[in-house]
2 protein chains.
Amino acid sequence: MSNVKDTCQVEFVHSDNVNQVNSMMESDDNLFELAELFKAFGDSTRVRILHALTFSELCVCDLAQLLNMSSSAISHQLRVLRGQKIVKYRKDGKNVIYTLVDAHVLTLLEQGLQHVKE
Amino acid sequence: MSNVKDTCQVEFVHSDNVNQVNSMMESDDNLFELAELFKAFGDSTRVRILHALTFSELCVCDLAQLLNMSSSAISHQLRVLRGQKIVKYRKDGKNVIYTLVDAHVLTLLEQGLQHVKE
DNA sequence: CCATCAACTGAGCATATGTTCATGTATACT
DNA sequence: AGTATACATGAACATATGCTCAGTTGATGG
């Protein structure tokens with residue numbers, strides 16, 4: 001038989017903690033946006049793009065060469081990164097040159113890499 | 001007609017940059033793991049779990065109450081977070097109590113939140 | 001003006017992901 | 001032992017995601 005509620009029966013297990021934590025939590029909107037931000041970092045192609053931009057500004061074409069992928073695929077991913085304000089771009093003739101938005105992004109990448117290499 | 005190669009025709013657009021960056025890039029393995037790490041942060045439910053654990057250790061039951069979700073759903077997500085060594089746990093009777101692994105995780109969450117609130 | 005190239009975009013498709021449901025496991029209590 | 005509770009897990013299903021393909025836009029140069 002299935003449970004009516006798949007949560008704890010005995011009121012709260014640690015109700016004091018739960019209530020206190022609940023009062024300190026960020027808004028759901030902020031946390032949703034935070035998840036969207038990390039989601040943008042959470043793809044092989046996109047981290048490789050971002051990691052490359054750590055060293056130098058690059059155009060779509062450069063990135064396609066560097067990652068050995070179609071420029072269409074790169075462009076699609078850059079769109080995601082632009083959407084989350086992780087990269088910015090400037091036009092240079094036919095080329096569009098991308099850079100990381102700010103130091104936050106760099107810090108996130110570095111902290112993440114440090115964690116991976118522990 | 002479709003292009004034979006959907007990359008730039010004129011050798012490299014900025015071949016010096018591309019070559020130099022290529023030599024500085026982390027291994028694909030590391031970057032793949034980095035993407036997996038961020039992917040684990042990249043879900044509403046999981047960031048809410050992590051954000052909650054920022055304030056206090058909590059058992060599965062607490063988290064289910066706090067996020068108003070089934071303990072099964074929480075458990076599945078905690079599995080992902082354990083897999084990436086983002087949370088650790090200890091048993092306390094029938095309960096399993098979760099905490100963030102280390103300060104790296106906290107830093108990542110804080111940097112991310114700061115970016116979201118710019 | 002026309003051709004070429006870098007970049008962007010929408011549709012389509014195969015794969016990945018998150019939740020529910022049902023069941024399994026471990027611990028505590030009588 | 002038997003029951004109840006907390007947690008974990010596998011299957012199934014609906015949705016999300018990343019790439020390719022085809023076509024479009026905008027800039028450059030003959």
Side-chain angles (χ1 to χ4, degrees), chain A residues 1-14 18 32 35-36 38-49 57-84 87-98, chain B residues 1-14 18 32 35-36 38-49 57-84 87-98:
Chain A
M1 81 203 90
S2 67
N3 295 333
V4 177
K5 263 201 169 180
D6 193 8
T7 50
C8 309
Q9 316 296 355
V10 282
E11 9 173 348
F12 292 179
V13 177
H14 307 101
V18 171
F32 179 82
E36 293 301 304
F38 283 126
K39 198 175 293 183
F41 282 83
D43 172 76
S44 277
T45 300
R46 291 193 295 268
V47 272
R48 289 196 298 155
I49 290 174
E57 60 178 23
L58 293 164
C59 69
V60 177
C61 207
D62 293 340
L63 286 164
Q65 289 278 356
L66 189 61
L67 307 190
N68 196 30
M69 293 180 65
S70 73
S71 61
S72 174
I74 300 292
S75 205
H76 275 295
Q77 299 307 339
L78 284 169
R79 183 178 156 81
V80 175
L81 295 172
R82 287 197 314 264
Q84 290 299 318
V87 300
K88 60 179 192 284
Y89 63 95
R90 69 168 201 278
K91 305 201 72 172
D92 177 31
K94 278 187 292 188
N95 296 324
V96 177
I97 298 179
Y98 283 85
Chain B
M1 79 207 90
S2 66
N3 294 334
V4 176
K5 263 198 169 183
D6 192 8
T7 50
C8 309
Q9 317 296 353
V10 281
E11 4 175 350
F12 293 177
V13 176
H14 307 100
V18 171
F32 178 82
E36 293 302 304
F38 284 126
K39 199 175 292 183
F41 283 83
D43 172 77
S44 276
T45 300
R46 292 194 293 269
V47 273
R48 288 195 299 155
I49 289 174
E57 58 178 24
L58 293 165
C59 68
V60 178
C61 207
D62 293 340
L63 287 165
Q65 289 278 355
L66 189 62
L67 307 190
N68 195 31
M69 294 181 64
S70 72
S71 61
S72 175
I74 299 292
S75 205
H76 276 295
Q77 299 307 338
L78 284 169
R79 182 179 158 81
V80 175
L81 296 172
R82 286 196 316 263
Q84 290 299 316
V87 299
K88 60 180 193 287
Y89 63 96
R90 69 169 201 277
K91 306 201 68 172
D92 177 31
K94 279 184 294 188
N95 296 324
V96 178
I97 298 179
Y98 283 84

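Residue numbers begin at 1 in each chain, while the letters A, B, ... track the order of the sequences.
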Can you give me the N/O atom pairs linking the protein to nucleotides 10-14 of chain D at distances under 3.5 Å, or say none if there are none?
from   : atom 1 : to    : atom 2 : distance (Å)
D/dG10 : O6     : B/H76 : NE2    : 2.8

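The side chain of B/M69 approaches C/dT19 more closely than any other nucleotide in the set C/dT19, C/dT9, C/dT27. Nearest nucleotide to the B/R82 side chain, out of C/dA7, D/dC19, D/dA8: D/dA8. For A/K91, whose side chain is taken as the heavy atoms from C-beta onward, the closest listed nucleotide among C/dA7, D/dA27, D/dC19 is D/dA27.
Judged by distance alone, the side chain of A/R46 and the main-chain N or O of A/F41 form no donor-acceptor pair under 3.5 Å.
Residue A/D62 holds its CG atom at 10.5 Å from CD1 of A/I74, rounded to the nearest 0.5 Å. Note that CD1 of B/I49 is 4.5 Å distant from CG of B/L78, once rounded to the nearest 0.5 Å. For the atom pair NE2 (B/H14) and CD1 (A/I97), the distance works out to 5.0 Å, reported to the nearest 0.5 Å. Separating the CG atom in B/D92 from the SG atom in B/C59 is a distance of 9.0 Å, to the nearest 0.5 Å.
Each of A/G93 and B/I74 was assigned the nucleotide of DNA chain D with the nearest heavy atom; the assignment lying further toward the 5' end belongs to B/I74.
The stretch residues 38-49 of chain B touches DNA chain C through B/K39, B/D43, B/T45, B/R46, each having a heavy atom within less than 4.0 Å of the strand.
Spacing between atom CG of A/L81 and atom C1' of D/dG18 amounts to 13 Å, rounded to whole angstrom units. Rounded to an integer number of Å, the gap from NE2 of A/H14 to C1' of D/dT5 is 14 Å. The interatomic distance linking A/L63 (CG) with C/dA6 (P) rounds to 14 Å, in whole Å. One atom, CZ of B/R90, and another, C1' of C/dA26, lie 18 Å apart when rounded to the nearest Å. Atom P of nucleotide D/dG18 and atom CZ of B/F32 are separated by 13 Å, given to the nearest angstrom. Regarding B/L78, its CG atom lies at a distance of 7 Å from the P atom of D/dA8, rounded to whole Å. As a whole-Å value, the separation of A/D62 CG from C/dC5 P is 17 Å. Summarising the geometry, the separation between OH on A/Y89 and C1' on C/dA6 is reported as 14 Å, rounded to the nearest angstrom.
Scored by the side-chain hydrogen bond (donor to acceptor under 3.5 Å, both in side chains) test, B/E36 finds B/K39 as partners (sequence neighbours excluded). Applying the side-chain contact (heavy atoms from CB on, under 4.5 Å) criterion to B/S75, with sequence neighbours excluded, gives no partner residue. The ring-ring contact (aromatic ring centres under 6.0 Å, His included) test applied to A/Y89 returns A/Y98, not counting sequence neighbours. Listed by chain and number, the residues in a side-chain contact (heavy atoms from CB on, under 4.5 Å) with A/K88 are A/T99, A/V101 (sequence neighbours excluded).
Not one side-chain nitrogen or oxygen of B/N95 sits closer than 4.0 Å to the OP1 or OP2 atom of C/dT27. When the side-chain nitrogen and oxygen atoms of A/S70 are compared with OP1 and OP2 of D/dT20, one or more of them lie within a distance under 4.0 Å. The shortest distance between the side-chain N/O atoms of B/Q77 and the OP1/OP2 oxygens of C/dT19 is below 4.0 Å.
Heavy atoms of A/Y98 sit under 4.0 angstrom from primed sugar atoms or phosphate atoms, though from no base atom.
Ring geometry for B/F38 versus A/F38: interplanar angle under 30°, hence parallel rather than tilted (30 to 60°).
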